[in-house]
Number of protein chains: 2
Amino acid sequence: MPASETDNLAADIEAACTHNPNVSCGDCRLSGICLPLALGSSDIDHLDNIIQRGRPLQRHAHLFREGDEFKAVYAVRSGTLKAYRVTDSGNEQITGFYLPGEILGLDGIADGVHHSSAYALETAAICEIPFEALEELGRELPQLQRNFLRVMSREISEDQQLITLLGKNSATERIVALLLSLSSRNARRQLSATRFRLPMSRSDIGNYLGLTVETVSRTLTRLQRDQLLRIDNREVELLAAPELTAMLN
Amino acid sequence: MPASETDNLAADIEAACTHNPNVSCGDCRLSGICLPLALGSSDIDHLDNIIQRGRPLQRHAHLFREGDEFKAVYAVRSGTLKAYRVTDSGNEQITGFYLPGEILGLDGIADGVHHSSAYALETAAICEIPFEALEELGRELPQLQRNFLRVMSREISEDQQLITLLGKNSATERIVALLLSLSSRNARRQLSATRFRLPMSRSDIGNYLGLTVETVSRTLTRLQRDQLLRIDNREVELLAAPELTAMLN
DNA sequence: CGCCTGTTTGACTCGCGTCAATGAAAGTGG
DNA sequence: CCACTTTCATTGACGCGAGTCAAACAGGCG
């Protein structure tokens, strides 16, 4: 077994158990970073009762599409999704990647219609949180209401971070920023911050960061040549996190 | 009096009356597009009671700064503000312009700290909406709670629009998109969609769109040469809105 | 008026996109 | 299980759009 597979054992185990549709919020290992954050256990039970956990979303399947009626927001339990919009001229712009513990579908609340599509990059388990029920429950559980507003606010803040990245940073800086973002989101889930598997293709990375595939590839090659990281296909190892972080300053 | 001043008479009158700190939500001509949207009149009165209306914010003054404790969100009554962040390397990235009827400060909810600064491009009247009180009132008035979620969701959606613009569009397309956005936001406030005054400098436009001042200036000159618009300093007239719209497709 | 900031225009440069070709990996069907 | 196809990734040569540097010109404000 190659080294890279061993390294992802932890991730595989996590995937295996969070794929399980019968895990409730109270038992979910992501409850510390997801919507239930800081809820008491009886409140969590209430939240649990409104959440729908269907069978896993197949890889390459859509969770919802731009234009679909908005009925629920979704928490990722395992796997990775990308959210994207199609521009007037027909090409795709990825607006975010969603990892376990993160919530998507928030742009549909405004007018009851999803403004982006969500697509599974790998098989994913999803908690569906019907919006009407969430609103009602939020009225009874102020902490839940507050958490939900925080989740939305964080999404705004992160989108603005991306705007800044796209507006001001070079190709290299954008790519480093994405790698560090993935790294810290992994760390938050108790996974390795230095070695992980990219859930998305080079072309998705380029699309997200406003770059071409070729630029992404060349940049990664150069970062590797400069000993800042090692990358083999989708397996990344950050060799010099401090130096990488410094590149963004 | 030059033609451009006459044209802005309507805007001046609006500014004059919405600057008045004593106008309540029920009387405000922006209530149809602002937070009170679709509230009954008694509910509006409740909302009114929590809103603070101080004296106007002076041009070039800050409403809040990045790092300030988050205590309230703000509705613009008159004037224009820009929101911006300072990057690690010390330069500014504008994340949005806020016109009358629009709400800012939403990125502070997540962790109680503002992640952007807000700065008045021209003298502005502001409604301050203390967040705790809004949360409490929201629990009693589901429609208000819903409106607030919608406002946040719209902010997300618009930020993603900007991400797409920055990721996929040329300098010309970005500039045209901004002009059309300002145009439609003016129309929403019953002002002219074809003739208006830019509230921001060329350098702010460039900053917002990820371009340099020179590129903004050259692009506007070219659009004028091509008879798509007329621009004299900050006074714009869109001569061919359909063609401009078509440029984004 | 004179300063200071904002705007325009020109000449030059360069990072990233485009086009093209090859190679590696993953998915598909017999 | 292997051949075939398709998708994904890498690398090179070249060109262009937008950035940089520089200078002149408003225009607003004290």
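Per chain, numbering begins at 1; letters A, B, ... match sequence-line order. All of these numbers come straight from a predicted model, not from anything done at the bench.
- To the nearest angstrom, C1' of dG27(D) lies 16 Å from CG of L198(B).
- In this entry the distance linking CD of E122(B) with P of dG28(D) reads 15 Å, nearest Å.
- Distance R197(B) CZ to dG6(C) C1': 13 Å, rounded to the nearest Å.
- A salt bridge between R154(B) and E102(B) is absent, with no side-chain N of the basic residue lying under 4.0 Å from a carboxylate O of the acidic one.
- Atom CD1 in I205(A) sits roughly 12 Å away from atom C1' in dC8(D) (whole-Å rounding).
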Q: For nucleotides 9-19 of chain D, just jot down a letter per nucleotide in 5' to 3' order: B, S or -, based on protein non-hydrogen atoms under 4.0 Å.
A: SBBBB----SS
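- Checked for salt-bridge contact, R202(B) and E214(B) miss the test: no charged N lies under 4.0 Å from a carboxylate O.
- R59(B) comes within 4.0 angstrom of sugar-phosphate atoms only, judged by non-hydrogen atoms across all strands, and of no base.
- Partners of E173(A) under the side-chain hydrogen bond (donor to acceptor under 3.5 Å, both in side chains) rule, at least two apart in sequence or in another chain, are N169(A), S170(A).
- A donor-acceptor contact closer than 3.5 angstrom is absent between the side chains of S184(B) and R188(B).
- For D232(A) and dC8(D), the CG to C1' distance is 14 Å, given to the nearest whole Å.
- Here the C1' atom of nucleotide dC4(C) and the NE2 atom of H60(B) are 13 Å apart, to the nearest Å.
- Taking the charged nitrogens against the carboxylate oxygens, R59(A) and E122(A) have no contact shorter than 4.0 Å, which rules out a salt bridge.
- Under the 3.5 Å distance criterion, with hydrogens and angles disregarded, a donor-acceptor pair is assigned to the side chains of S157(B) and R85(A).
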